[in-house]
Amino acid sequence: MPELPEVETTVRAISSFKNKKLEKVIIHNRNLRWKIEKDLEDLSANKKILNISRRAKYILMQLSDHCLMIHLGMSGKLRIQKRKDNFFKKHDHVEFIFKNEKIIFNDVRRFGSIHITKDVNKHPLIENLGIEPLSKNFNKNYLYKLCNHSDLDIKKLIMDQKKIVGVGNIYASESLFISSISPLRKAKKIKLEDCDKLVKAIKKILRYAIKMGGTTLRDFYSADGSEGYFKLKLNVYGLENEACKRCGQKIKKIVVGQRSTFYCSSCQS
DNA sequence: CTGAGATCCTGTCTGC
DNA sequence: TGCAGACAGGATCTCA
């Protein structure tokens, strides 16, 4: 599921929990990507949610003196449910219980993770994260500097969370298509004008995907149960052998850094 | 420091 | 139908 737009969509879907009291956390399975800290239940019980936000692909729930960090991994999702509705789905691992409702963390593949920490900005998984692509500081000069001397393929570079956060496999393919850059181009061969196009493409596609409520490819749905409709607008992702919308040539599927990558070899170079 | 590759886990789809 | 193998939107860790 989740790249930046899907996480942002989830954050917005649970934003109504701001200022509500988290009564308790019930953990059914601690074995996520990392084992959930054993004091998480104690530290988060009966704490007011002061703020709900996003950093990179992390959902942050700020409590009075700690911060809950939730990463959805590849298959994680949050689901809002009435507290009295006592049903479970397969792979429901954690429940965040409020007065009338609860938020349930469900994750088939358990690549997601949940942490609690005092100073979220100093958490090892947070402190080395790269720039937010929707921030003003992410501009052509910034990207050009990142590309400078890098031996990485450009697609791997824009997916590197230590450089730029939030761009995953789908939006990497899509933004490279929009900016007519081959995913195989070496980052150090990217010109300033390409950076300009790519930055604009990344911002445009992330904003648009957020507006559409994320991408529903397999089974992404937001915490309120609504689906994302961005899938209707994909240009290359998952469209192997279909005609390029720009030039009509067949879209190719290749592997870059062990990830499926879709592009048009005719109009992306 | 950089970059390549293996790896965690479960479910679904494809091809024989 | 059964079953093996490939593949899935992430990101860390190990090693060269």
Side-chain angles (χ1 to χ4, degrees), chain A residues 1-10 28-36 54-59 69-78 89-93 105-115 123-130 133 145-177 183-188 202 205-206 209-210 212-222 227-241 253-262:
Chain A
M1 160 178 97
E3 302 182 36
L4 187 151
E6 292 73 37
V7 178
E8 181 66 29
T9 299
T10 302
H28 302 289
N29 185 353
R30 309 191 88 83
N31 298 309
L32 304 181
R33 172 74 199 265
W34 288 281
K35 206 164 190 132
I36 297 177
R54 177 190 62 74
R55 168 71 175 118
K57 295 174 190 168
Y58 288 90
I59 297 162
M69 298 163 43
I70 302 171
H71 196 294
L72 299 174
M74 277 173 103
S75 56
K77 14 184 158 341
L78 298 181
K89 295 189 177 180
K90 206 173 177 185
H91 309 298
D92 281 350
H93 304 310
F105 176 84
N106 178 291
D107 187 358
V108 178
R109 292 171 71 186
R110 285 191 275 129
F111 284 9
S113 64
I114 300 178
H115 303 269
H123 193 279
L125 293 170
I126 298 281
E127 69 170 345
N128 294 317
L129 288 171
K145 225 179 246 177
L146 287 178
C147 289
N148 215 0
H149 304 308
S150 172
D151 277 327
L152 286 176
D153 301 326
I154 186 62
K155 180 179 182 244
K156 291 179 82 176
L157 185 139
I158 61 174
M159 288 178 67
D160 184 341
Q161 302 299 302
K162 292 194 164 34
K163 297 187 167 69
I164 305 165
V165 303
V167 179
N169 207 29
I170 294 179
Y171 299 116
S173 279
E174 292 295 320
S175 56
L176 287 166
F177 173 78
L184 295 170
R185 180 116 61 100
K186 289 291 175 194
K188 59 186 172 192
I202 289 171
I205 202 150
L206 292 179
I210 290 169
M212 289 291 147
T215 297
T216 297
L217 209 64
R218 256 140 221 260
D219 56 357
F220 174 71
Y221 52 83
S222 186
E227 287 197 345
Y229 291 97
F230 189 67
K231 63 176 171 185
L232 303 173
K233 300 289 183 180
L234 293 175
N235 284 304
V236 285
Y237 190 87
L239 299 176
E240 185 184 13
N241 289 330
K253 178 182 179 181
I254 58 173
V255 174
V256 178
Q258 302 164 284
R259 309 298 295 278
S260 297
T261 301
F262 298 85

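Note on naming: letters A, B, ... go to the chains in the order of the sequence lines (proteins, then strands), and numbering restarts at 1 for each one. Below, each value reflects all heavy atoms present in this structure, side chains not excepted, and no hydrogens, waters or symmetry copies.
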**Report entry** Watson-Crick and G-U pairing of DNA chain B written in dot-bracket, each distance under 3.5 angstrom, with | for inter-strand partners
**Finding:** .|||||||.|||||||

**Report entry** Pairwise C1' distance for B/dG3 and C/dG9, with rounding to whole Å
**Finding:** 23 Å

Query raised in the report: With respect to the side chain of A/Met74, which nucleotide from B/dG3, C/dG9, B/dG11 is positioned closest?
Result: C/dG9

Report task. Starting at atom CD1 of A/Ile126, determine the distance to atom P of C/dT12, rounded to an integer number of angstrom. Result -> 10 Å

Query raised in the report: Starting at CZ of A/Arg110 and ending at P of C/dG9, how long is that distance when rounded to a whole Å?
Result: 20 Å

Query raised in the report: How close or far is atom C1' of B/dT2 from atom NZ of A/Lys162, stated in whole angstroms?
Result: 13 Å

Report summary line: A/Met69 CE to C/dT12 P, in whole Å, measures 10 Å

**Report entry** For atom CD of A/Glu240 and atom P of C/dA6, their distance in whole Å
**Finding:** 16 Å

Requested in this report: Can you tell me the distance, in whole Å, between the NZ atom of A/Lys188 and the P atom of B/dT2?
Outcome: 13 Å

Query raised in the report: Do A/Ile210 and A/Leu4 have side-chain heavy atoms sitting under 4.5 Å apart?
Result: yes

Query raised in the report: So, for A/Ile154 and A/Cys147, which heavy atoms are closest and what is the spacing to 0.1 Å?
Result: CD1-SG, 3.8 Å

Requested in this report: Show your reasoning for whether side chain to side chain contact (heavy atoms under 4.5 Å, CB included) applies to A/Arg55 and A/Val165.
Outcome: CA-CA 8 Å; A/Arg55 168 71 175 118; A/Val165 303; 3.9 Å; yes

**Report entry** Rounded P spacing from B/dT12 to C/dA11 in Å
**Finding:** 23 Å

Query raised in the report: Going by 5.5 Å between centroids and 30° between planes, is there a stack of A/Phe111 over B/dC8?
Result: yes

Query raised in the report: Can you tell which of C/dG9, B/dA4, B/dG11 lies closest to the side chain of A/Leu152?
Result: B/dA4

Query - Parallel, tilted or perpendicular, as decided by the 30° and 60° cut-offs, for the rings of A/Tyr58 and A/His71 - result: perpendicular

Which atoms of nucleotides 13-15 of chain C (N or O only) lie under 3.5 Å from a protein N or O atom, and what are those distances?
none

Requested in this report: Assess whether one donor atom and one acceptor atom, taken from the side chain of A/Arg109 and the base of B/dC9, lie less than 3.5 Å apart.
Outcome: yes

Query raised in the report: Just wondering, do A/Phe262 and A/Leu239 contact through their side chains at under 4.5 Å, heavy atoms?
Result: no

Query raised in the report: Does A/His91 have a side-chain nitrogen or oxygen under 4.0 Å from the phosphate oxygens OP1 or OP2 of B/dT10?
Result: no

Query raised in the report: Could you give the CD1-to-C1' distance, from A/Ile170 to C/dC7, as a whole number of Å?
Result: 14 Å

Report summary line: Winner on side-chain proximity to A/Asn169, out of C/dT12, B/dT10, C/dG10, is C/dG10

**Report entry** Spacing of CG belonging to A/Asp151 relative to CG belonging to A/Leu157, to within rounding of 0.5 Å
**Finding:** 11.0 Å

Report task. Go through A/Ile70 and A/Thr10 one step at a time and tell me if the side chain to side chain contact (heavy atoms under 4.5 Å, CB included) criterion holds. Result -> CA-CA 11 Å; A/Ile70 302 171; A/Thr10 302; over 6 Å; no

Query - Under 3.5 Å: donor-acceptor pair, side chain of A/Arg30, backbone of A/Ile36 - result: yes

Query raised in the report: Looking at OG of A/Ser150 and NZ of A/Lys186, how far apart are the two atoms once the value is rounded to the nearest 0.5 Å?
Result: 8.5 Å

Query - Whole-angstrom distance between C/dA6 and B/dA6, as gauged at atom P - result: 13 Å

Report summary line: Heavy-atom closest pair (A/Ser113 atom, A/Phe105 atom, distance to 0.1 Å) is N-CZ, 4.5 Å

**Report entry** Nearest-neighbour nucleotide for the A/Ser150 side chain, B/dG11, C/dT12, B/dG3 considered
**Finding:** B/dG3

Query raised in the report: Do the side chain of A/Gln258 and the base of B/dA6 come within less than 3.5 angstrom through a donor-acceptor pair of N or O atoms?
Result: yes

Query raised in the report: What's the NZ-P distance between A/Lys156 and B/dG3, to the nearest Å?
Result: 9 Å

